[in-house]
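In what follows, a structure is listed as structure tokens, so that the remarks can point back to it.
Note that ligands are numbered from 1 as they come in the structure, with each ligand's atoms numbered from 1 the same way. Residues: numbered from 1 along the sequence shown.
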Amino acid sequence: MEKIVSLCKRRGFVFPGSEIYGGITGFWDYGPLGVELKNNIKREWWKSMVYNRDDVVGLDAAIVMNPVVWEASGHTKAFTDPLVECKKCHHRFRADQVSDKCPDCKGELTDPKTFNLLTEVYLGVTEPKQKAYLRGEITQGVFVNFKNVVDSTRIEIPFGIAQIGKAFRNEITPGNFTFRSREFEQMELEFFIEPKDLEGEKWFEYWKKQRLAWYTSLGIKKENLRFREHAPDERAHYARKAEDIEYNSPFGWKEFEGIHHRGDWDLSRHKLTHNGYTPWVIETSGGVDRATLFLLLDAYFEDEKRVILKLHPKLAPYKVAVFPLVANKEDIVKKARDIYLGLKLKLNTVWDDRGNIGKRYYAQDEIGTPWCVTIDYEPDSVTVRDRDTTKQERVNISRLDSYFSDRLK
Ligand code: GAP
């Protein structure tokens, strides 16, 4: 884990939030490579959940909503974690994450009390200002727009609404790098079905399969993923059934994404019906930051000589790196520059002419660039070096575009 945290900082994937002022617990900033990786994950998710389907449409709702939404959805009452405080050092912990003694000073802990995770904001110019909340889950924006979406499209049940966006939780114990943050992104599908037990079971199983297949299609090793069903006493207030896809992380098996049978909880709370009945909802809810972290952990390899991020080429921040074999031969540099600028129009491509070729390869391996193109003395061809095999192949310059687009299919 420390190796990933340090790689992320050193190479510009993830930085501590507000670092020059000492940071702020639970907030992270994504650097030049991190934003590319995160955007690539979101793009692949959107492709698989929206563009590749006929039965799902997208939405982008506001982060701040009328606070009545959170009363109706049950979050102001039930969106809580159990909090305990050490009677000696007064440090606070989530009761379900500690034993009966303070982990810091072994002091006695108080009885648990419920702690609401919603983050308050105050709006307006007159006093008292209006209290609202930063959304604790992106989900409610979908439910309050259910009617708008049905009325403005020709979509019919069963259908889904997909959304990606920021959520905020005043977590008691943020930690494990970006795993548990106070500001994070979710990618969610709310899939509306007829309120029938068999439909519920069918779609719950369907979405479990789809979501697992999506993670493995992006290269996460099967043996590092598993399902875990929530016991009734750990389910969120809205869920009649919940299963997590968990990842085998260096800090144990941890929740990656939740598949939830929300029944009619939300639509009935918002008093919304459709064709005379209240549809049920099967939800898939994944974290973009967790996907970024777990994909990095899963892709990290070391051998005697190099560190490699074996990221799926579709996710890699840069697809191609272009090097002139030598930096002091004008014709070679010019030719390499032309190839670089041509590739850059289609793929995220990076230029490097520092140090020797071996060092340039290693620097690209460490950030997951799948292919390095070296321009040498051959008039019509270049070498393309593969990150994972380190094999080099000669490719005609006129074929370079199709060479990469074939591999990215
Ligand atoms: N709408 C349902 C919902 O929000 P959840 O299980 O509370 O369900 C869904 O959250 C996903 O959001 C989690 O599986 C995780 O990937 C991500 N997530 C939740 N809390 C998070 C946090 N504090 N930091 C980073 N990601 C988080």
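A salt bridge does not link Glu137 to Arg169: none of the charged nitrogens lies less than 4.0 Å from a carboxylate oxygen. Salt bridge absent: Asp303 and Lys305 never bring a charged side-chain N and a carboxylate O closer than 4.0 Å. With salt bridges taken as basic N to acidic carboxylate O contacts below 4.0 Å, one links Arg228 and Glu234. Under a 4.0 Å N-O distance rule, the pair Glu246/Lys254 does not qualify as a salt bridge. Between Lys221 and Glu223 there is no salt bridge, since no side-chain N of the basic residue sits under 4.0 Å from a carboxylate O of the acidic one.
Which parts of ligand 1 touch Glu137 is read off a 4.0 Å heavy-atom cut-off, strictly below it: atoms 1 (N), 2 (C), 3 (C), 4 (O). Near Glu188, meaning under 4.0 Å from any of its heavy atoms, are these atoms of ligand 1: 1 (N), 2 (C), 3 (C), 4 (O). Short contacts between ligand 1 and Thr139, defined as distances under 4.0 Å to a heavy atom of the residue, involve ligand atoms 1 (N). Set against the non-hydrogen atoms of Glu257, the atoms of ligand 1 under 4.0 Å away are 14 (O). Annotation for ligand 1: atoms under 4.0 Å from non-hydrogen atoms of Ser285 are 1 (N), 2 (C), 3 (C), 4 (O), 8 (O), 9 (C), 10 (O), 11 (C), 14 (O). Close approach of ligand 1 to Gly258 is summarised as follows: ligand atoms under 4.0 Å from at least one heavy atom of the residue are 14 (O).
In the candidate list Glu171, Arg235, Lys254, Met187, Glu171 is nearest to atom 23 (N) of ligand 1, counting heavy atoms. Nearest-residue assignment for atom 8 (O) of ligand 1 (options Tyr238, Phe256, Phe294, Tyr247; heavy-atom criterion): Tyr238. Across the listed options Glu246, Gln186, Glu183, Glu255, Glu255 owns the non-hydrogen atom lying nearest to atom 14 (O) of ligand 1.
With sequence neighbours left out, Glu183 forms a side-chain contact (heavy atoms from CB on, under 4.5 Å) with Phe27, Lys166, Phe168.
The protein heavy-atom contact nearest to atom 18 (N) of ligand 1 is Phe184 CE1, 3.5 Å. What sits closest to atom 15 (C) of ligand 1 on the protein, heavy atoms only, is Arg290 NH1, 3.4 Å. If you check which protein heavy atom lies closest to atom 17 (C) of ligand 1, you get Gly287 CA, 3.8 Å. Nearest to atom 24 (N) of ligand 1 among the protein's heavy atoms is Ser181 N, 3.0 Å. With hydrogens left out, the protein atom closest to atom 25 (C) of ligand 1 is Phe179 O, 3.1 Å, a heavy atom.
In summary, of the residues considered (Phe251, Tyr247, Phe256), a ring-ring contact (aromatic ring centres under 6.0 Å, His included) with Phe179 occurs for Phe251 alone.
Residue contact annotation: His260 has a non-hydrogen atom under 4.0 Å from ligand 1. At least one heavy atom of Arg262 sits less than 4.0 Å from an atom of ligand 1.
When heavy-atom distances to ligand 1 are checked against a 4.0 Å cut-off, Glu283 comes that close only through its side chain, counted from C-beta outward.
Inspection of the Ser73 and Arg269 side chains reveals no N or O donor paired with an N or O acceptor under 3.5 Å. No hydrogens or angles considered: a donor-acceptor pair under 3.5 Å links the side chains of Asp386 and Thr389.
Cation-pi contact between Arg226 and Trp253: present, with separation from the ring centre below 6.0 Å and deviation from the ring axis of at most 45°.
Around the NZ atom of Lys87, the shell of radius 6.0 Å holds more than 12 heavy atoms that belong to other residues, nucleotides or ligands.
The shortest N or O to N or O distance between Arg169 and ligand 1 is below 3.5 Å.
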